[in-house]
Each structure stands twice: as C-alpha cells, then as structure tokens.
Amino acid sequence: MINPNKSLSLSIMSGKGGVGKSNLALNLCFALFDQGLTSLLMDCDLGLANLDVLLGVTPDKNLQDLLRDIEDPRDVVVQIEKGGFDFLPAASGVPELVEMDEDMQDVLFKKIMQLLEGYEMLVLDLGAGINSTALAFASMTQLRMIVVTPEPTSLTDSYAMMKVLSTEHGVNDFLVVVNMATNKAEAMTPFDRLDGACRNFLGIEPRFLGYITLDPKVPDAVRHQTPLLRHAPSCKASLDIINLAKVFLRYRKDNLEAISKRPVLKNFPSL
Ligand SMILES: Nc1ncnc2c1ncn2[C@@H]1O[C@H](COP(=O)(O)OP(=O)(O)O)[C@@H](O)[C@H]1O
Ligand SMILES: [Mg+2]
C-alpha cells in the first residue's frame, strides 16, 4: 500500500552555476503549494546559500544550528506559506560546510529525516558542479531535476555531471528542465543534444520535463526579493513554472509506486 502523503525527495541541480536553479526551486515549491502539495525546501548550496535572500526572509537559525545539538530540529525551519511550504536555510560563507565529510553529512541527514513527516516533497536546491557535496546530495534523493540553459557551456557541464553520477554513483534517471529559452524550439535544441549524448555514450534516457522562458520579470523579482510567482504571477516565466509543476505532479502520481520503493534519502532509512 503506498501512502500518497509520503515524502518524496527531489534534487535541483546543474553542471554550471547561474542557470536559475534557486529561482526554479523556490517558485516550484510555491506552484506545488498552490496546487495542494506540501514541501520542505532546503538550501543545499552550502557555500553560497541565497534562498533566504530570494525569499525575502532573515532566518535566525540555519543548518549550522541543525548540526549542533539543538533541542528540536523544527526550530530551524522557517514557515513560508501557512499549511505546507517551509524552508530550511543554509549558512553562507562557511567553508567547512561546502566539502562536508561523511560523518557531518550523516548527522545532517539523520536530523533531516526527523523533520520530514508531514511534507509531501523534500526539495534540495544544490550548489552547481561536480563537488563531492553536490554529487552526494544528488545521488541521495529519489528524483533529480537538472537545469540547463541553451548556452553550450551549460550543456557540456550538465553532461559532465550526469556522466559522473551515472558512471560513479549508479544514478541513471534525470528530469531535464531548460531555463532561459526564448521559445519551445530553442528549448528543445539543447535537450535533444543532451539526450543524444546521454543515449550514445551513457546508455541513459533523460526525460524532458519542460522549459521556462527567458523573462525580465525573473531578475525583477530577485531585485524585489519577492518570489516570482507572487511578484508577477501571470508573466510568461510564472506560467511556465506553474505548467512545469503540473507536469511534475502528473509524473509524481504516475510513478509514485516505483519511486516510493527507493528510500527517501539513500543510506538514511526512516527513523
Ligand atoms: N527564466 C529566466 N529569465 C531571466 N532571468 C533568469 C531566469 N531564470 C533565472 N534568471 C536569472 O539568472 C540568475 C541566476 O539565477 P539563480 O536562480 O540564482 O541561479 P543558480 O541557483 O543556478 O545559480 C538570476 O539573476 C536570475 O534573475
Ligand atoms: Mg543557486
């Protein structure tokens, strides 16, 4: 029997930085919330955390406090939307968190497991690239969304990350989102190239989930420190993200049984 309310975990990752992961992560959580799905959004860009700035909140506790022996891990969680969208802030500028050793990851994820009850999604906003923390997080979650842009460097870096995850961590399933495309055709070209390379050289078939239009309202929302879906809910990029959330919800529903067979966080069985 599958519990439809059980948490599913999703990493949002990219080969290259600055492709729009953090904006996608937080706005996707808003879109999922608006469509009735609860989530806990965790800032996992441990060196350069910035979700708090994008959300316009100033948390007084963060992951560093979670790693210390605080009484209740729930004290670190910030409520973004009452009734089902919460945020777990990271600490910025703490070098020892960036390349976390396995013992530290162990402590952190045991605490996260204690927090998961009641959320249908755990969304991890990762730092870019092939660093050990990003790879560990990306291979731990049940699902992965890789964000690419039409820039050739984004494609090569994404491919490199998928290759390491596939050949060294046995991770072969990727949901691809193309960001900053001017239209559908411009979004499909990078996907087709990535898809071709993955099929030919890695024997894996990434899945195209959708695309988000290049839209000046996104940097505008960042400047206002207001999430795009609240700042400009009917701009093109917002509508794309709302649509992406719908596609994701269908994917989640159709694959829930198979996905639920994997642990929410690999190597961290439910406590
Ligand atoms: N769809 C988009 N259209 C226009 N600008 C975007 C879009 N998505 C992201 N950006 C801009 O790209 C920059 C990087 O976004 P961010 O979410 O911080 O990327 P990452 O987390 O991958 O480093 C931000 O300045 C943001 O305003
Ligand atoms: Mg980011």
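Whatever order the structure lists ligands and atoms in, that order sets their numbers, starting from 1. Here the structure is a predicted model, which means the values were calculated and not measured. Counting begins at 1 with the first residue of the sequence.
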Phe33 and Phe85 aromatic ring geometry - parallel, tilted or perpendicular at 30°/60° bounds: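 Geometry flag for Phe33 against Phe85: tilted rings.
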
hydrophobic_cluster_shared for Tyr251 and Leu8, side chain cutoff 4.5 Å: yes

Thr189 side chain vs Ala185 backbone, donor-acceptor pair below 3.5 Å: yes

Check: Met162 main-chain N/O paired with Ser166 side-chain donor or acceptor under 3.5 Å: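 It does not hold such a pair.
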
Residue pair Asp72 / Asp75, side-chain heavy-atom distance below 4.5 Å: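 Counting from C-beta outward, Asp72 and Asp75 do come under 4.5 Å.
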
Partner residues of Glu168 under the salt bridge (charged side-chain N to carboxylate O under 4.0 Å, His left out) criterion, sequence neighbours left out: none

N/O/S from Ser22 sitting under 2.8 Å away from the Mg ion (ligand 2):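 Yes, Ser22 qualifies, because one of its backbone or side-chain N, O or S atoms lies under 2.8 Å.
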
Atom-level proximity to ligand 1, residues with heavy atom under 4.0 Å: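 Lining ligand 1 at under 4.0 Å, by heavy atoms, one finds Gly18, Val19, Gly20, Lys21, Ser22, Asn23, Asn179, Met180, Ile212, Thr213, Leu214, Asp215, Val218, Pro219, Val222.
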
